[in-house]
Structure formats: structure tokens, C-alpha cells
Amino acid sequence: MSNSKKVHTKFGEPSTEESTAANSAEVVQELDQDVQGQPSSSTNSKKRSRKRNKNKNGTGVTSEPTAAAASAASLESQPSIPETKKNKVFKFDVDEKKEEVTESNKIENTAEEESTQEKKPNDKEQVKPQRKKQKTHKVVEFFSDDEESNFRDTRGSNQPQQSLKQRASQLLSTRSNLPVYKSREQIMNHLNKNQVTILIGETGSGKSTQIPQFLLEQIPRDSKKQHKGIAVTQPRRVAAINLATRVAEEHGCPVGTAVGYSVRFDTTATHKTKLKYLTDGMLLRECILDPELSAYGVIIIDEAHERTVLTDLLMGFLKELLVKRNDLKLVIMSATLDAERFSKFFHSAEILFVEGRSYGVDRYYTKAACDDIVDSAIKSIVQLNQGEQEGDILVFLPGQEEIDKAVGILERLAPDLPKEAPLIVPFPLYASLSPADQAKVFLPLKARRRKVILATNIAETSVTVPGVRYVIDSGLRKVKLWRHSLGLSTLLTAPISKAAAMQRSGRAGREREGKVFRLYTESDYLKLPDQTEPEISRVNVTSPVLMLKELGVEDILNWSWLETPGEDSLISSLTQLYQLKALDDSGKITPLGHEMAILPLEPQLAAILIKSHREYHCLSDVIDIVSCLSVDNLVLNPSSETRDDVNERRRAVCGLGCRYGDLIMLKELLDCYLQFGNKDREERTQWCKDLALSSRGFRNVLKVRQQIRQYMMTLTKDKHLFQDIENDEEDDIEYGSKPMDIPAILKSFLTGHTTNTAIGLPDRSYRTTTNGSLIAIHPSSLLFGMKKDAIMFTDYVYTTRGYARNVSVVELEWLQEICGGVLKVNAANNEN
DNA sequence: GAGCACTGC
């Protein structure tokens with residue numbers, strides 16, 4: 001630490017915090033990477049020990065009335081709070097008592113490093129016996145390297161029942177050392193006595209794998225009586241799949257039997273499944289089919305602190321369902337103190353705390369605010385590389401632009417740096433990077449090299465890179481903000497919250513003690529909001545509102561929102577649904593609205609799809625385009641060196657796209673992809689590479705397409721809806737041979753995008769028809785720089801100026817025909 | 001003539 005002080009002259013004194021908010025779902029995501037053949041972390045600690053003090057009863061669990069959590073939440077402003085209480089909860093911010101807390105952590109560090117030496121006595125008496133106890137469990141951790149390789153072996157192989165059982169009993173010793181396992185009795189007593197339980201569990205507590213199993217083990221295995229099942233929701237698909245796989249193994253059964261999962265396009269659960277991991281979106285789908293959720297006796301909402309729109313909706317829905325179903329139990333699992341809100345929401349349900357296992361992270365702040373974040377990040381990386389011991393560096397930057405810039409600078413800089421320090425090897429990491437490029441961050445490096453991963457928010461929860469010991473945090477992120485008054489969303493660079501800063505720094509403490517270098521001052525840190533604003537308060541809620549209408553909620557404004565999106569936002573969503581004819585004059589859902597709610601698409605796209613069938617008779621082409629639109633990162637951003645070539649090739653393939661715009665381009669690209677067929681896989685992959693398209697993206701497009709076709713056949717009760725297409729596919733007739741009815745396709749889209757239109761001006765800029773603001777065609781569009789009478793776009797982004805993305809050419813007459821009312825507004829604007 | 005964070009059905 002003294003060494004680092006010398007080197008990091010820019011930073012102030014270190015302070016220490018516990019890493020928080022990371023959770024067991026992330027742990028399994030590491031596992032996923034291993035399953036996919038990526039190297040596991042060889043440095044993964046064999047000696048993981050707990051740093052957290054236990055409470056007096058020694059179980060690691062405390063059942064507290066909510067007032068205790070409230071006092072814990074306001075920790076900063078109550079320096080007189082007893083030490084024992086502080087240790088029960090997360091320390092979001094210990095800066096005001098930095099010395100005190102650093103001191104206590106120092107003692108703990110010492111105890112760990114000198115494991116044979118008896119700990120010096122201190123004033124925290126209750127800590128002492130517990131620490132002794134934990135030392136005996138040091139070798140045990142959630143996933144050791146050995147565990148993971150064994151896990152790989154058994155997964156997917158058809159092992160006899162006996163060996164599955166053997167494996168399960170082997171795993172039992174690992175399980176039984178998890179903090180949650182030790183508190184089993186207490187937790188289960190509480191769960192059995194209460195309808196709602198809020199559980200805060202830190203990283204590595206094992207809550208996501210163990211608590212569902214405790215509940216499962218209460219159900220007799222071979223009971224003839226029908227027992228209601230357990231559902232565990234996750235915000236991410238990969239987490240649901242991996243947790244189910246792991247838990248099935250611990251339970252000694254193949255996935256898809258007693259334990260299974262259900263995510264879009266991939267379900268292993270059957271009617272026999274008693275414990276099901278599923279995405280929150282999937283459970284909401286089940287709500288539509290069965291509003292009583294009668295298949296379940298217990299619902300567990302995991303990762304509730306992430307506050308995704310879908311989790312929030314589920315909690316509101318379940319709150320109402322609990323009144324109707326006295327036998328239903330609900331467990332809300334969270335990793336942060338935000339649980340206080342959950343408790344209040346569920347009529348002051350009690351909060352249980354379970355400790356976790358993670359390492360301390362020293363914090364450093366800059367002495368002055370940084371004006372150029374990329375420059376500051378580079379300087380910090382170089383300093384750190386020279387002054388600190390081995391360990392990889394994870395740098396959080398807001399977006400692709402900053403990351404690419406920083407990677408470029410580092411690549412030029414690295415060979416000229418002093419040779420005493422390890423060679424810096426930079427890796428970018430963001431979602432629109434191709435999977436192959438993303439995977440590079442997991443490759444091990446030769447000796448005397450240091451990995452520097454420059455990442456967006458993707459590394460905060462979705463991707464866990466092993467080996468990271470240092471985090472550099474710009475304190476910035478990109479946020480999509482929905483402006484309901486404009487009907488447009490903007491993408492802004494904004495400061496993160498304290499909770500997010502904590503989450504980011506926690507990435508340095510997953511395997512051993514780490515350090516975080518924050519590229520902002522401590523006083524700026526203190527000004528950050530405690531929690532990240534929940535998604536629901538900043539996004540377009542048209543889709544959630546339609547779902548609630550479908551579930552029979554009449555008074556949307558006064559529904560049991562965990563957090564209301566706001567009256568303006570709700571009213572604009574209701575208005576939009578009314579305009580799409582999903583709601584009638586009295587605000588009730590229409591038959592069309594019902595069909596839209598069933599389709600797994602944004603209401604706008606659903607409306608377009610149905611219109612394309614009933615009015616414009618071009619359903620199958622529109623399904624193809626809509627499928628492309630609903631897959632992320634299909635058309636990738638080419639790197640700056642290849643950009644011109646890629647654009648050239650795309651234009652060559654998309655003759656019609658060049659004339660009519662990006663929607664038609666998507667159809668042409670898909671047709672091209674399909675023409676390769678499965679015989680020419682290699683060629684097809686090369687083609688995708690040449691055009692900077694994602695093969696994985698296309699595979700998803702085909703899944704979505706298949707799903708939507710299925711839904712449309714059900715909705716129209718017409719089994720032969722796609723018969724001619726399917727015959728073509730069987731006969732291997734060339735794709736794209738049937739000419740598209742382009743006006744019909746574009747008119748279909750116009751019905752859903754009346755407000756996303758603009759009129760061309762002489763200088764190649766455009767004026768929107770809604771409020772007359774200036775907008776330009778985004779450079780990523782095939783129509784970039786072209787002058788057209790009128791355009792329609794699916795997306796709007798404001799950066800240096802307003803940009804329309806995914807642009808298509810429309811005719812002025814169509815605007816009059818389809819969005820007459822909108823044009824009048826435009827005329828009024830132009831007069832002003 | 002410029003550049004989009006992350007999820008879900």
C-alpha cells in the first residue's frame with residue numbers, strides 16, 4: 001500500500017470498502033464462460049475466507065425489524081451507530097468514518113495474512129470466536145477450479161442415476177459451507193411462518209442456489225400428492241440456465257426433471273419440474289396465461305435490487321396476487337440496502353440479512369476532477385502498471401467511442417513504456433463487439449504481460465473477467481432516456497450512482513484484495529445518488545402498460561407500482577396505445593390490443609405486424625424485418641479501418657436498401673444469409689465477417705421469426721398462413737426470388753411510426769413532423785447524406801445533434817394517407 | 001460526414 005501511495009500521486013489516501021452487490025448469479029456466469037471452453041481463472045483463490053464479522057448468534061443471519069434497516073441505510077449520518085449494527089449491513093459509504101473503518105479492516109487483513117497467528121484482541125468481542133471458526137473453512141469456496149472441471153464433465157452426459165447422486169453428495173460438503181447453508185434453520189423457519197420475506201444476501205452467500213433447494217427439499221420426492229412448485233426469477237437468461245444446471249447437479253437429478261429452467265427459446269422444465277429458474281419476462285408471460293400462477297406455491301424474485309422494468313412489474317403484480325392467494329409465498333432477494341423499499345412495499349415484511357464472501361478493496365480518488373476521461377484513464381493505467389503488483393486491470397468507460405480511443409492510444413504507447421513494468425495488452429469489451437472479439441478478454445497472456453480490459457457497463461454485471469485485481473472507474477455510463485413529451489429517446493453520458501460505483505469496485509475484490517482508482521474526487525463521489533434510478537422511471541412504458549391492461553388492470557395510474565413511472569409517462573403510453581387502437585375510448589383493451597399483448601414484441605412492432613397482414617398483405621416480409629429489428633447487435637459497427645470497405649460491400653449486396661433505406665436492407669441481408677444454406681457454413685461465416693454482421697444475430701433472427709410465425713398462425717387460426725413459404729424452403733427455391741412489395745412494407749411500418757417521420761430540407765437535413773426540430777440521417781444508415789422528400793425512422797439518438805437511425809424513404813402522399821393528423825402539426829410548426 | 005449502455009418476451 002505504501003508503494004502505491006508513492007506511485008499514485010494523483011490519488012488521495014486509500015480507504016477500504018467491502019465489495020457489495022455482486023451476487024451469486026455472477027459467480028455462475030463465470031462458470032458459464034468455463035463451460036464454453038474458456039480458461040478458468042488459475043488464480044482463483046483456494047483460500048477464500050470471510051472478512052465480514054458475524055453477529056452475536058453466530059449464524060450470519062439476522063432478522064431485523066425494518067427500522068433497523070432504515071437506520072443502517074442512513075449510516076453515514078449516524079456516526080454513533082453501534083459497531084455491531086454496521087457489520088450486519090452493507091457499508092455503502094464509509095468515507096466519513098474512513099479512518100475508523102480502514103482500521104477495522106486492517107485488523108481483519110492482518111488476521112487473514114497471518115493465519116497461524118492468534119488475532120490481537122480488540123473491542124469487538126463477538127468477532128473473535130467466529131473468525132477462528134471461519135479459518136477452518138478457508139479451503140472451501142463456491143466454485144473452486146476443481147469443482148468447475150468436474151461440473152463440466154458431468155454436464156450434458158447421460159450419467160446413471162447413481163453417479164448423479166454420488167456427485168450430489170460430493171457437492172454437499174461445498175454447499176454446507178456456504179453462509180446461507182449455515183443459517184438454513186433460521187431462514188426456513190422464517191420462510192415457513194411468513195408470506196413475504198425480504199432477503200439481503202451478499203456476493204457468494206449462496207442464496208440463489210441454496211434457498212430454492214431448501215424449499216425443494218421440503219417437498220417429498222416421491223409424493224403422490226400434487227405439490228405446488230417453486231419459481232425463481234432472474235433478470236438474465238444465462239443466469240437462469242446456469243443456476244438451474246448447478247442446482248440440478250447439487251440435487252442429484254438431470255436438468256429438466258425436478259429442477260429445470262425456462263427462458264425464451266430454451267425450456268427444459270416439464271410438468272414434473274418442482275423447482276424452475278426462469279427469466280422475469282417468462283414469469284410475466286405465464287401471468288398472462290394463468291393470472292393466479294396456480295402452478296406455484298413459492299415465487300422467488302432474485303436480483304431485485306437491479307430494478308429492471310420486468311422485476312418491478314412482477315413485484316407489483318405479485319403484491320396484488322398475494323391477497324387472492326393466501327397459500328402463495330414470496331421471497332424477494334436483493335444484494336443491496338434498497339431492500340428497505342421492498343419491505344415497505346410488502347407491508348413492512350421482515351428483512352433477513354445473510355453475509356457473503358468477498359475481499360476488501362482499497363479506494364483511491366483523484367485530487368481534482370478530470371476533464372478528459374480517456375486521458376486520465378490512460379495516465380492511471382500507465383502509473384498503475386508501473387507501481388502495482390501483478391493482476392489485471394478493468395477500466396470502466398462510458399461507451400464504445402471512449403473505449404476504442406483508449407485502446408488505440410494504449411496500443412501505440414505500450415511498446416515504448418519502461419521495460420521493468422509488465423507489457424500492457426489492451427482489450428475492448430462492449431456488447432456490440434462480435435462474440436469472438438469479446439471472448440478475447442478471457443485468453444490467458446504470457447508472463448510479464450498485463451491485461452487491461454476497457455469495458456462499458458457490460459462488465460458491471462453481465463460479463464465477469466477473472467484475474468482482475470485493479471479497477472479504474474470513470475464514474476460515467478451511458479443512459480437511454482425516454483422523453484415522453486417528444487416521443488423520442490436520447491442517449492446521454494451521465495454519472496453513475498454510489499451503488500454502481502460500489503459494484504464496479506467490487507469487481508476488483510472477487511479473488512483477493514484489490515484496489516479501485518476512481519477518476520473523480522471524493523467529494524464528487526459523495527454527491528452521487530445512492531442508488532441507480534430504477535429503469536421504469538426513465539424508459540418508455542408503453543409495453544408494460546399494455547401488459548397490465550392485458551392482465552385486467554383498469555386504473556393504470558393507481559396500480560400497485562413499486563415505483564410509479566410518473567403520470568406524464570403513463571398518460572403518454574396510454575395515448576400511444578389508444579392511437580395504435582390497442583385501447584378503446586373507455587381505456588379498455590381491444591381485441592387488437594389483446595393480440596398485440598400476446599406477441600413478444602414492442603407494441604409498435606406488434607401493431608405493424610398485424611397491420612401488414614390485415615391491410616397490406618405483406619406479413620411474411622414484415623416478419624422478417626421485424627425479427628431483424630428485435631435482435632440486438634445484428635448489424636455491427638465496423639472498426640474504423642474496415643469501415644469504408646464494409647460499407648462498400650453492404651451497398652453492393654443491398655441494391656434495394658440503397659434506394660429505400662435500412663428496413664429493406666435488413667430484408668435483403670437476411671435473404672442473402674439464407675441463400676447460403678447450411679451447406680456453405682464457412683462461406684456464410686466469412687460473408688458475415690466481411691459485412692460486419694453477427695452470425696449469432698442471424699441465428700437469433702431465425703428463432704424470433706419462427707416464434708412470431710407461430711404466434712401469427714395461432715392468432716389468425718390459419719395453419720396455412722406460411723404454407724407457400726415453407727414449401728419454398730423445403731424445395732430449396734432461392735430466397736428473395738419473390739419480389740417484395742416495398743410500398744406495402746413501408747406503409748405497414750409507417751402505421752406504427754407516424755411520429756417518427758421527417759420532411760427533407762434542401763441542405764440534406766430534415767425537420768421532424770412532430771415538432772419541427774432538425775434531424776440528420778445517422779452515418780450508419782445506407783441513406784446517410786442523401787436528400788429525400790420524406791423519411792421514417794425507427795430510432796432517434798441525440799449526440800452532437802439529432803440523428804435518425806434505421807431510416808427508410810417514404811412518400812409525402814403516404815404521410816398524408818397514414819399520418820394526416822401529424823402533418824397538420826407540422827404545417828403549424830412551419831408557419832411559426 | 002459521424003459514431004449506441006444493458007437486459008427481456
Side-chain angles (χ1 to χ4, degrees), chain A residues 25 233-240 262-267 278-289 303 306-314 396-405 429-433 455-463 474 476-481 489-494 496 500 532 535-536 538-539 543-544 546-547 550 596-603 605-606 627 630-633 635-640 643-644 647 700 703-704 707-708 711 763-765 776-781 784-786 795-806:
Chain A
T233 71
Q234 294 293 323
R236 279 174 291 277
R237 292 164 46 95
V238 64
S262 176
V263 301
R264 192 185 187 184
F265 306 129
D266 190 2
T267 293
L278 70 179
T279 47
D280 35 25
M282 267 302 203
L283 190 59
L284 276 168
R285 287 272 139 190
E286 292 189 9
C287 291
I288 290 179
L289 297 174
E303 314 293 354
E306 288 195 24
R307 300 294 306 276
T308 66
V309 171
L310 298 177
T311 321
D312 270 25
L313 283 179
L314 263 181
F396 284 101
L397 289 169
Q400 180 182 345
E401 192 189 351
E402 292 84 357
I403 290 171
D404 287 344
K405 195 172 154 195
L429 181 61
Y430 42 82
S432 63
L433 220 51
T456 61
N457 254 354
I458 195 172
E460 225 177 69
T461 48
S462 302
V463 177
S474 65
L476 298 171
R477 61 172 182 152
K478 294 241 178 166
V479 227
K480 200 169 191 175
L481 265 186
S489 58
T490 53
L491 198 74
L492 299 172
T493 301
I496 59 172
T532 306
E535 198 186 1
I536 202 153
R538 41 165 242 264
V539 300
S543 191
L546 179 62
M547 180 168 272
E550 172 72 12
M596 286 164 56
I598 287 175
L599 287 168
L601 294 167
E602 288 292 308
L605 289 180
S627 304
S630 61
V631 167
D632 289 330
N633 302 317
V635 180
L636 304 168
N637 285 343
S639 65
S640 51
R643 186 208 305 143
D644 290 343
N647 284 342
N700 287 333
K703 285 184 196 165
V704 175
Q707 193 184 37
I708 296 175
Y711 274 112
D763 65 346
R764 290 198 276 185
S765 70
I777 296 176
H778 194 275
S780 64
S781 170
F784 175 69
M786 293 211 217
D795 233 342
Y796 169 90
V797 59
Y798 190 91
T799 50
T800 48
R801 59 190 293 193
Y803 283 107
R805 301 183 75 247
N806 254 323

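Keep in mind the model is a prediction, meaning the values are calculated, not measured. So you know, we letter chains A, B, ... as the sequences are listed, proteins then strands, and number each from 1.
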Inset, instruction - Whole angstrom is fine here: how far is it from CZ in A:Arg477 over to C1' in B:dT7? - result: 14 Å
Inset, instruction - Evaluate the side-chain proximity of A:Thr532 to A:Arg477: yes if any heavy-atom separation is below 4.5 Å, no if none is. - result: yes
Inset, instruction - Take A:Arg538 and A:Val479 through the test side chain to side chain contact (heavy atoms under 4.5 Å, CB included) and record every step on the way to the result. - result: CA-CA 9 Å; A:Arg538 41 165 242 264; A:Val479 227; 3.5 Å; yes
Inset, instruction - With sequence neighbours left out, write down each residue that passes salt bridge (charged side-chain N to carboxylate O under 4.0 Å, His left out) with A:Asp280, or none if nothing qualifies. - result: none
Inset, instruction - Using a 4.0 Å heavy-atom cut-off across all strands, classify A:Asp404 as base, sugar-phosphate, or nothing. - result: nothing
Legend entry - Minimum-distance nucleotide to A:Arg236 side chain [options: B:dT7, B:dC9, B:dA5]: B:dT7
Inset, instruction - Scan A:Arg801 against the nucleic acid and name what it touches under 4.0 Å (heavy atoms): base, sugar-phosphate only, or nothing. - result: nothing
Inset, instruction - Using a 4.0 Å heavy-atom cut-off across all strands, classify A:Asp632 as base, sugar-phosphate, or nothing. - result: base
Inset, instruction - Give the rounded distance in Å between these two atoms: CG of A:Leu492 and P of B:dA5. - result: 13 Å
Legend entry - Value in whole Å for how far the P atom of B:dA5 lies from CG of A:Leu476: 13 Å
Legend entry - ring pair (Phe, Tyr, Trp, His ring centres under 6.0 Å) against A:Tyr796, all qualifying residues, sequence neighbours excluded: none
Legend entry - Nearest-nucleotide pick for A:Arg237, side chain only, options being B:dC9, B:dG1, B:dG3: B:dC9
Legend entry - Separation of B:dC9 C1' from A:Glu286 CD (nearest whole Å): 12 Å
Inset, instruction - Return the value, rounded to whole Å, for the distance between atom CG of A:Leu433 and atom C1' of B:dG3. - result: 15 Å
Legend entry - Spacing of CG belonging to A:Asp266 relative to CE belonging to A:Met282, to within rounding of 0.5 Å: 9.0 Å
Inset, instruction - Using a heavy-atom cut-off of under 4.0 Å over every strand shown, decide if A:Phe265 touches base, sugar-phosphate, or nothing. - result: nothing
Legend entry - Residue closer to the 5' end of DNA chain B, A:Arg264 versus A:Ser780 (nearest nucleotide): A:Ser780
Inset, instruction - Nearest whole angstrom, please: distance from the P of B:dG3 to the CD1 of A:Ile777. - result: 15 Å
Inset, instruction - From the options B:dG8, B:dC6, B:dG1, select the nucleotide whose nearest atom is closest to the side chain of A:Tyr430. - result: B:dC6
Legend entry - B:dC6 OP1/OP2 closer than 4.0 Å to side-chain N/O of A:Thr308: no
Legend entry - Name of the residue among A:Leu397, A:Asp404, A:Asn633 meeting side-chain contact (heavy atoms from CB on, under 4.5 Å) with A:Tyr430: A:Asp404
Legend entry - Proximity to the side chain of A:Ile458 - top-ranked nucleotide from B:dC6, B:dA2, B:dA5: B:dC6
Inset, instruction - Establish, with yes or no, whether the OP1 or OP2 oxygen of B:dT7 is under 4.0 angstrom from a side-chain nitrogen or oxygen of A:Thr461. - result: no
Inset, instruction - Using a 4.0 Å heavy-atom cut-off across all strands, classify A:Gly399 as base, sugar-phosphate, or nothing. - result: sugar-phosphate
Legend entry - Interatomic distance, A:Arg307 CZ vs B:dT7 C1' [rounded to whole Å]: 15 Å
Inset, instruction - Calculate the interatomic distance between A:Asn637 atom CG and B:dG1 atom P; express it in whole Å. - result: 20 Å
Inset, instruction - Let me see the working for A:Glu401 and A:Lys478 under salt bridge (Lys or Arg N to Asp or Glu O under 4.0 Å), right down to the final yes or no. - result: CA-CA 11 Å; A:Glu401 192 189 351; A:Lys478 294 241 178 166; 5.2 Å; no
Inset, instruction - Report which part of the nucleic acid A:Arg538 touches: base, sugar-phosphate, or nothing (heavy-atom distance under 4.0 Å, all strands). - result: base
Inset, instruction - Report the nucleotide, chosen from B:dA2, B:dA5, B:dG8, that has the shortest atom-to-atom distance to any side-chain atom of A:Thr279. - result: B:dG8
Inset, instruction - Ignoring the backbone of A:Ser462, work out which of B:dG3, B:dT7, B:dG8 is nearest its side chain. - result: B:dT7
Legend entry - Out of B:dG8, B:dA5, B:dC6, whichever nucleotide has its closest atom nearest the side chain of A:Ala431: B:dC6
Inset, instruction - Please tell me which of A:Leu310 and A:Lys480 maps to the more 5' nucleotide of DNA chain B, matching each residue to the nucleotide holding its nearest heavy atom. - result: A:Lys480
Legend entry - Distance below 4.0 Å between A:Gln707 side-chain N/O and B:dC9 OP1 or OP2: no
Inset, instruction - Report which part of the nucleic acid A:Val263 touches: base, sugar-phosphate, or nothing (heavy-atom distance under 4.0 Å, all strands). - result: sugar-phosphate
